[in-house]
A.B. asks: 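Dropping a structure here in structure tokens format, bear with me for questions.
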Amino acid sequence: MTDVTSTVVRLKLSLLRNGLRQSGGRRAAFVASAVVALLFGVLQLLGLVLLRGHPHADAVAVLVTAVLALGWAFMPLFFPSGDETLDPTRLVMFPLRPRPLVRALLAASLVGIGPLFTLLLLVGCAVSVAHGAAGYGVAVVAVALALLVCVALARAVAAANVRLLTSRKGRDLAVLSGLVIAVGAQLVNFGARSLGSAGLGELAPVADVVRLLPPASAIGAVHSASEGSYGTAVAQLALCAAALALLVGAWARTLTRLMTAPDGSTLQAPDSAGRGPASSDGLGRLLPSGRTGTVMMRSLRYVWRDPKTKAAWVTSLAIGLIVPVFNALQGTGSIYFACFAAGMLGIQMYNQFGQDTSAFWMVAMTISSTRDAYVELRGRALALLVITLPYAALVTVLTTAMLGDWPRLPEVLGLSFALLGAMLATGAWTSARFPYSIPQEGHRNVAAGQTGLAWIAIFGGMVSAALLCAPVIALTIALNVSAGGGEWTWLLLPVGAAYGATITWAGLRAAAPRTAAYLPEILMAVSKG
């Protein structure tokens with residue numbers, strides 16, 4: 001057992017060391033992330049220690065522990081490639097028994113920035129509620145139990161889903177990460193504002209329930225022992241230890257199944273064998289004929305099937321809705337926040353050729369003139385408009401309804417359409433001028449060495465789009481500040497729509513010659529990943 005454990009721990013250290021040897025950029029990213037994580041962990045530790053003596057310190061400590069456990073449970077699903085040892089099937093050919101392997105992998109899981117960050121927060125939670133010799137004695141056991149439960153929970157969840165996570169379709173789970181992060185950030189912001197006005201006492205009812213659930217029950221045991229409730233403290237520690245035993249047992253059974261059962265996740269169902277290609281769907285019949293319709297269908301299929309493209313779209317759709325809606329719910333929003341939806345979706349036009357990666361050579365073979373390049377770019381822009389136009393209108397109407405500011409609906413819609421048109425125009429041009437590759441593996445969205453190109457393309461394009469919208473913005477301000485101008489703000493809807501359509505057409509025309517003339521350079525840039 002000792003030999004297996006030490007070998008797996010050394011394997012984990014070797015994976016970390018060899019990964020850092022690949023490039024200087026990766027080493028710099030690792031060091032920077034480690035410094036930031038540890039600095040944040042130390043600051044959180046100090047903040048929790050400063051809560052000692054606060055009447056609601058136990059509620060904060062218990063809830064922080066519960067949030068840590070949730071993070072450990074779900075992060076393997078969102079970032080399956082973050083730790084190469086999460087996939088035990090790589091060890092299936094070795095003569096290893098499940099239970100010694102569980103102990104070895106559990107020990108290896110304690111190596112890394114994540115466990116150290118978690119340990120800092122758990123120590124802070126325990127110290128914030130510990131008082132007396134009994135409290136500190138229980139705190140030592142509680143911190144160790146809570147950390148082991150978090151790690152075992154992550155491993156058990158990852159092992160139960162490893163077939164899915166290592167499959168092509170399973171990687172689509174990463175799409176949820178953008179949505180969860182976007183929603184979670186706004187919920188944290190909303191909750192922080194509520195606590196700021198109501199105080200930490202609002203956490204007490206939730207904490208009373210959570211302290212009965214492991215691993216939060218371990219921190220609850222520290223508070224119970226500090227208060228002299230030794231029987232309750234023992235029961236809470238026993239509950240956490242039982243949860244650890246159940247998780248390890250479930251993990252061992254999953255490993256046994258993984259190492260003895262064949263992988264049928266990629267086998268085709270018998271009833272589907274021999275079928276011909278699927279017939280054209282309803283959307284295909286609605287699209288224009290010729291190259292334009294073909295390009296639109298290809299782009300829409302990228303949105304639905306490609307994990308990286310889908311993740312970008314889901315994140316943009318979520319944030320484009322959450323920002324105006326949450327601000328409206330908090331009473332601090334403005335109807336002009338609805339333009340955020342058009343802005344987030346317009347970003348999808350940037351680096352159009354990068355999403356094709358090395359497959360762009362097949363597209364490049366069909367472009368032999370400026371006209372071909374223009375039709376290609378036009379099809380991609382129209383595919384985006386199929387989603388962005390109704391979505392931007394829906395978010396604008398929803399925000400208007402929540403704020404009750406219906407007279408401003410036409411001008412905000414006009415501004416959204418003008419902004420969308422400007423971003424489509426600049427996106428087409430930057431796609432041809434500053435293309436970059438999007439790696440298919442891992443969670444990087446820019447290939448190594450092309451980060452500068454990505455920054456120039458996205459932020460330079462956004463600034464240019466804002467400048468292109470200046471005439472519509474100026475007209476909006478003029479009508480709103482002039483006497484009697486408010487009666488004519490409805491004109492901003494047709495003006496904005498016409499301006500957006502015109503600027504889109506001009507941007508596509510300007511980008512087409514560049515695309516046709518520099519196809520080899522574009523192909524080389526997008527194939528680096």
A.B. asks: What are the two closest heavy atoms between Leu212 and Ser217, and how far apart are they?
C.D. replies: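 Closest approach of Leu212 to Ser217: C-CB, 4.3 Å.
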A.B. asks: Taking all non-hydrogen atoms of both residues into account, name the closest pair between Val138 and Ala225 and its distance.
C.D. replies: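 Nearest heavy atoms, Val138 then Ala225: CG2-CB, 3.7 Å.
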A.B. asks: Between Asn351 and Tyr436 (side chain of the first, backbone of the second, donor and acceptor by atom type, cut-off under 3.5 Å), is there such a pair?
C.D. replies: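 Yes; judged by distance alone, with no hydrogens or angles, the pair exists.
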A.B. asks: Would you say Lys310's side chain and Trp304's backbone share a donor-acceptor pair under 3.5 angstrom?
C.D. replies: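 Present.
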A.B. asks: Taking all non-hydrogen atoms of both residues into account, name the closest pair between Thr399 and Pro324 and its distance.
C.D. replies: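 Reported closest heavy-atom pair: OG1-CB, 3.6 Å.
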A.B. asks: Between atom SG of Cys240 and atom CG of Leu213, what is the distance when rounded to the nearest 0.5 Å?
C.D. replies: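 Those atoms lie 11.0 Å apart.
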A.B. asks: Using atom types as modelled and distance alone, determine if a side-chain donor or acceptor of Tyr350 lies under 3.5 Å from a backbone N or O of Gly461.
C.D. replies: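 Checking the backbone N and O of Gly461 against the side chain of Tyr350, a donor-acceptor pair under 3.5 Å is found.
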A.B. asks: Does any part of the side chain of Phe434, heavy atoms only, come nearer than 4.5 Å to the side chain of Ile458, both counted from C-beta?
C.D. replies: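 With C-beta onward as the side chain, the pair stays apart.
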A.B. asks: Would you check if Leu419 and Met423 make a side-chain contact, meaning some heavy-atom pair closer than 4.5 Å?
C.D. replies: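 Heavy-atom side-chain distance check passes, below 4.5 Å.
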A.B. asks: Roughly how far, to the nearest 0.5 Å, is OG1 of Thr396 from CZ of Phe337?
C.D. replies: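 Separation between the atoms: 13.5 Å.
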A.B. asks: Report the C-alpha distance between Met462 and Ile347 in whole Å, list the side-chain angles of each, state the deciding distance to 0.1 Å, and finish with yes or no for side chain to side chain contact (heavy atoms under 4.5 Å, CB included).
C.D. replies: CA-CA 8 Å; Met462 292 172 64; Ile347 293 176; 4.3 Å; yes
A.B. asks: Of all residues at least two apart in sequence or in a different chain, which pass the salt bridge (Lys or Arg N to Asp or Glu O under 4.0 Å) check with Arg408?
C.D. replies: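 Per chain and number, Arg408 pairs via salt bridge (Lys or Arg N to Asp or Glu O under 4.0 Å) with Asp405, Glu411.
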A.B. asks: Would you compute the distance between atom CG of Leu244 and atom CG of Leu148 and round it to the nearest 0.5 angstrom?
C.D. replies: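 It is 5.5 Å, given to the nearest 0.5 Å.
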A.B. asks: What are the two closest non-hydrogen atoms of Trp72 and Cys150, and how far apart are they?
C.D. replies: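 Looks like CB-O, 3.5 Å.
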A.B. asks: Could you walk me through whether Leu122 and Thr65 satisfy the side chain to side chain contact (heavy atoms under 4.5 Å, CB included) test, starting with their C-alpha distance in whole Å, then the side-chain angles of each, then the deciding distance to 0.1 Å, before giving a yes or no?
C.D. replies: CA-CA 7 Å; Leu122 290 175; Thr65 306; 3.8 Å; yes
A.B. asks: Kindly compute the distance separating CZ (Phe459) from OG1 (Thr430), expressed to the nearest 0.5 Å.
C.D. replies: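 Rounded to the nearest 0.5 Å, the CZ-OG1 separation comes out at 13.0 Å.
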A.B. asks: Okay, side chain of Ser224, backbone of Ala233: is any donor-acceptor separation there less than 3.5 Å?
C.D. replies: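 No, Ser224 side chain to Ala233 backbone: no donor-acceptor pair under 3.5 Å.
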A.B. asks: Is a side-chain N or O of Ser431 found less than 3.5 angstrom from the main chain of Met349, in a donor-acceptor match?
C.D. replies: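 Between the backbone of Met349 and the side chain of Ser431 there is a qualifying donor-acceptor contact (under 3.5 Å).
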A.B. asks: Is the backbone N or O of Ala59 less than 3.5 Å from a side-chain atom of Arg211, with the two atoms forming a donor-acceptor pair by type?
C.D. replies: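 Side chain of Arg211 to backbone of Ala59, a donor-acceptor pair under 3.5 Å: no, none is there.
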A.B. asks: Could you label the plane-to-plane angle of the Phe40 and Phe117 rings as parallel, tilted or perpendicular, counting under 30° as parallel and over 60° as perpendicular?
C.D. replies: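 Ring orientation, 0 to 90° scale: parallel.
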A.B. asks: Looking at Tyr391 and Ala341, would you say the former's side chain and the latter's main chain have a donor-acceptor pair under 3.5 Å?
C.D. replies: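 Not confirmed, Tyr391 side chain does not pair with Ala341 backbone.
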A.B. asks: Answer whether the closest heavy-atom distance between the side chains of Leu48 and Val127 falls below 4.5 Å.
C.D. replies: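 Not touching, per the 4.5 Å side-chain cut-off.
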A.B. asks: Report the C-alpha separation of Phe340 and Ile319 in whole Å, then their side-chain angles, then the decisive distance to 0.1 Å, and conclude whether the side chain to side chain contact (heavy atoms under 4.5 Å, CB included) test is met.
C.D. replies: CA-CA 8 Å; Phe340 204 81; Ile319 297 178; 3.6 Å; yes
A.B. asks: Please report the closest heavy-atom contact between Val222 and Ala142, naming both atoms and the distance.
C.D. replies: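 Minimum heavy-atom separation between Val222 and Ala142: CG2-CB, 3.6 Å.
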A.B. asks: In sequence, state the C-alpha distance, the side-chain angles, and the governing distance for Gln44 and Leu120, and then conclude on side chain to side chain contact (heavy atoms under 4.5 Å, CB included).
C.D. replies: CA-CA 8 Å; Gln44 293 297 309; Leu120 290 174; over 6 Å; no
A.B. asks: State the CG-CG distance between Leu394 and Leu321, to the nearest 0.5 angstrom.
C.D. replies: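 The distance works out to 7.5 Å.
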A.B. asks: Could you report the tightest heavy-atom contact between Val412 and Ala338, atom names first, then the distance?
C.D. replies: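 The answer is CG1-CB, 4.1 Å.
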A.B. asks: In Å, rounded to the nearest 0.5 Å, how long is the span from OG of Ser437 to CD of Gln355?
C.D. replies: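 CD of Gln355 is found 12.0 Å from OG of Ser437.
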A.B. asks: Is Ser316 reaching over with its side chain to a backbone N or O of Trp313, donor-acceptor style, under 3.5 angstrom?
C.D. replies: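 No, because the side chain of Ser316 does not come within donor-acceptor range (under 3.5 Å) of the backbone of Trp313.
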